[in-house]
Amino acid sequence: MLIALMFSKFLQPMVLNFSYLLKERPCKLFIPHLVDLYETLRKRGVNIEIIFVSFDRDEDGFKEHVESMPWLAVPFDVNLHRKLIDRYRIDRIPSFIPLCSDALTVDEKVIEWIEDYGADAFPFTKKRHEELKDLDRRKREEVDLQELLTREGRDFLIAGDDRKVVVSELAGKTVGLFFGAYWSPPCRAFTVQLTDVYNNLNDTKGRCFEIVFVSTDKDLKEFNVSRTSTPWLAIPYEDRTRHDLCRIFDIKKIPALVIIGPDGKVVSLNGKFMVSSYGAEAFPFTESRVKDLESALRKEGEALPQQVQDVKHEHVLKLEMAKAYVCDSCKKQGKFWSFFCDVCDYDLHPSCLEKVNKD
């Protein structure tokens with residue numbers, strides 16, 4: 001291939017980007033990552049060029065897309081494209097093929113590396129990828145909030161009222177990294193629980209607990225709704241740090257809550273379970289605290305009868321563990337132990353059983 005050989009000759013790392021832009025949504029999602037990588041590397045003085053090989057079905061569509069790209073493109077020629085596909089064994093799109101002059105080993109997962117690490121993935125070798133993975137592991141194991149939450153040119157987080165709070169103010173606090181999005185109903189439900197815990201702890205224990213919202217919202221408008229309706233801090237939407245934190249802590253599902261202790265160590269990757277199950281009582285959200293709570297609950301359950309008869313209900317009630325319920329006697333929220341009727345879905349607080357029987 002003439003163009004590939006030409007760039008290699010001048011010792012420029014050259015890549016071929018095979019994309020079918022008109023129809024393939026994955027390509028559309030990847031292109032912004034590639035534009036950012038290209039512009040960032042060039043600003044760093046890296047001598048790199050990208051050559052776009054189109055899978056567009058007509059030349060007009062090809063020309064329209066080329067005009068919006070900052071890099072080069074192979075002329076629209078179906079036969080030439082087929083030769084390139086065969087030459088580089090392209091079986092998926094988008095595909096990103098580094099043609100490095102030093103012939104370092106590359107991997108077919110380069111697309112994922114670029115999405116994960118952006119320009120830092122350069123020069124797209126397995127060695128570089130392992131270096132980046134090691135760096136992520138260090139950030140998880142030796143948490144430095146300043147390093148984790150800031151970026152060059154930004155040392156602050158933003159509050160719902162648009163205040164800027166420098167990250168250094170979080171030193172010595174328990175910090176929860178809340179990964180969520182307004183578009184997700186489970187996230188909105190968990191936000192209610194987390195807000196209650198956040199306010200409870202900070203009202204009763206001083207400003208000991210802080211939440212940092214790591215948004216996975218679809219756009220800035222949704223992010224602003226999330227940010228302005230909650231009492232905690234957030235990483236700016238336009239900041240890539242949001243993406244980096246999702247990768248570092250391997251966030252696959254939202255909502256998620258990562259707890260970092262006052263000493264800068266990761267306390268738990270399962271903060272959502274702790275908050276949902278035990279509320280503010282789980283603070284400081286350590287595994288040992290959860291074990292203590294579970295032990296206390298077991299003892300409480302052992303002290304209660306396994307089944308009872310309530311004077312206001314016709315069926316026998318059985319002792320059960322329930323995360324949340326509404327007591328049919330006092331109409332108030334209940335949690336953990338309940339006397340339950342599996343015939344008619346009746347719940348009773350253990351304390352209400354005593355009160356009802358006395359009446």
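If you read the sequence from its start, that first residue is 1, and numbering goes on from there.
Both L37 and F122 are part of a single hydrophobic cluster, where members link through side-chain heavy atoms under 4.5 Å apart. I251 and I259 are assigned to two separate hydrophobic clusters, defined by single-linkage of ILVMFWY side chains at heavy-atom distances under 4.5 Å. When hydrophobic clusters are built by joining Ile, Leu, Val, Met, Phe, Trp and Tyr residues whose side-chain heavy atoms come closer than 4.5 Å, directly or via intermediates, I254 is not grouped with L257. V167 and L245 fall within the same hydrophobic cluster, defined by Ile, Leu, Val, Met, Phe, Trp and Tyr side-chain heavy atoms under 4.5 Å apart, directly or through other members. One hydrophobic cluster holds both F179 and L233 under the rule that ILVMFWY side chains link at heavy-atom gaps under 4.5 Å.
Considering all non-hydrogen atoms of both residues, A282 and L293 come closest at CA-CD1, 3.8 Å. The nearest pair of heavy atoms linking V175 to F209 is C-CE1, 4.5 Å. The minimum heavy-atom distance between V35 and P70, with the atom names listed, is CG2-CD, 4.4 Å. Across all their heavy atoms, G279 and F285 have their closest contact at O-CE2, 4.0 Å. Counting all heavy atoms, side chain and backbone alike, D116 lies closest to R247 at O-NH1, 2.6 Å. Here the closest heavy-atom approach between residue R154 and residue P236 is recorded as CD-CG, 3.6 Å.
Atom CD1 of I50 sits about 10.0 Å away from atom CE of M69, to the nearest 0.5 Å. Summarising the geometry, atom CD1 belonging to I248 is positioned 8.0 Å from atom CZ belonging to R140; distances are rounded to the nearest 0.5 Å. Here D342 contributes atom CG and H315 contributes atom NE2; the two are 9.5 Å apart, rounded to the nearest 0.5 Å. One finds the CZ atom of R207 at 10.0 Å from the CG atom of L170 (value rounded to the nearest 0.5 Å). Distance check, rounded to the nearest 0.5 Å: CD1 of I260 to CG of L145 gives 5.5 Å. R242 contributes atom CZ, which lies 8.5 Å from atom CD1 of I235 (distance to the nearest 0.5 angstrom).
Of the possible polar contacts, none joining the H313 side chain to the C341 backbone as a donor-acceptor pair under 3.5 Å is found. A donor-acceptor pair under 3.5 Å is absent between the side-chain atoms of R128 and the main chain of A121, judged by distance alone. Remark: the backbone N or O of L297 is paired with a side-chain donor or acceptor of W337 at under 3.5 angstrom. A donor-acceptor pair under 3.5 Å links the side-chain atoms of N199 to the main chain of T195, judged by distance alone. A donor-acceptor pair under 3.5 Å is formed between the side chain of H349 and the backbone N or O of Q333. Of the possible polar contacts, one joining the K335 side chain to the S277 backbone as a donor-acceptor pair under 3.5 Å is found. No donor-acceptor pair under 3.5 Å is formed between the side chain of D217 and the backbone N or O of D219. Not one N or O on the side chain of R138 forms a donor-acceptor pair closer than 3.5 Å with the backbone of K133.
At a threshold of 4.5 Å between non-hydrogen side-chain atoms, the residues F156 and T150 do not count as touching. The shortest distance between side-chain heavy atoms of F283 and N200 does not fall below 4.5 Å.
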Next item on the list: For side-chain contact (heavy atoms from CB on, under 4.5 Å), just list the numbers for V143 and K265, CA-CA rounded to whole Å, side-chain angles, deciding distance to a tenth of an Å, and then say yes or no.
Entry: CA-CA 6 Å; V143 176; K265 300 290 185 182; over 6 Å; no
Check: Taking it one step at a time, do I111 and E115 satisfy side-chain contact (heavy atoms from CB on, under 4.5 Å)?
Finding: CA-CA 6 Å; I111 292 281; E115 289 177 335; 4.1 Å; yes
Note to self: Show, in sequence, the C-alpha distance, side-chain angles and deciding distance for V74 and L84, and conclude whether the side-chain contact (heavy atoms from CB on, under 4.5 Å) test is met.
What the structure shows: CA-CA 10 Å; V74 172; L84 291 172; 4.2 Å; yes
Next item on the list: Could you give me the CA-CA distance, side-chain angles and deciding distance for D310 and Y346, then say whether side-chain contact (heavy atoms from CB on, under 4.5 Å) is met?
Entry: CA-CA 11 Å; D310 181 71; Y346 181 90; 3.9 Å; yes
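Heavy atoms of other residues, nucleotides or ligands lying less than 6.0 angstrom from CD of E281 number 12 at most. Within 6.0 Å of CZ in R240 there are more than 12 heavy atoms belonging to other residues, nucleotides or ligands.
The aromatic rings of Y198 and W232 sit perpendicular to each other, their planes meeting at more than 60°, with 30° as the lower class boundary. Aromatic ring orientation, Y278 versus F273: perpendicular (interplanar angle above 60°, classes split at 30° and 60°). Under the 30°/60° scheme for interplanar angles, the aromatic rings of F213 and F223 are found to lie parallel.
With respect to K299 and E302, no salt bridge is recorded, no charged nitrogen being found less than 4.0 Å from a carboxylate O. The pair K126-E131 does not meet the salt-bridge criterion, since no charged nitrogen lies less than 4.0 angstrom from a carboxylate oxygen. In summary, R163 and D161 engage in a salt bridge, as defined by a charged side-chain N under 4.0 Å from a carboxylate O. Between R151 and D244 there is a salt bridge, since a side-chain N of the basic residue sits under 4.0 Å from a carboxylate O of the acidic one. Using a cut-off of 4.0 Å between Lys/Arg side-chain N and Asp/Glu carboxylate O, E49 and R42 are scored as salt-bridged. Look at R44 and D120 and you find a salt bridge, because one of the NZ, NE, NH1 or NH2 atoms lies within 4.0 Å of a carboxylate O, short of that distance.
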Side-chain donor-acceptor contacts of residues 182-192 below 3.5 Å, not counting sequence neighbours, with atom names and distances?
{"residue": "W183", "atom": "NE1", "partner": "T216", "partner atom": "O", "Å": "3.2"}
{"residue": "S184", "atom": "OG", "partner": "C187", "partner atom": "N", "Å": "3.3"}
{"residue": "R188", "atom": "NH1", "partner": "Y182", "partner atom": "O", "Å": "2.5"}
{"residue": "T191", "atom": "OG1", "partner": "C187", "partner atom": "O", "Å": "2.7"}

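Side chain to side chain, S268 and N270 fail the donor-acceptor criterion of an N or O pair below 3.5 Å. Remark: the S338 side chain and the D347 side chain contain an N/O donor-acceptor pair separated by less than 3.5 Å. In this model, a donor atom of one side chain and an acceptor atom of the other lie less than 3.5 Å apart for N224 and R227. Counted by atom type alone, D345 and Y325 present zero donor-acceptor pairs between their side chains at under 3.5 Å.
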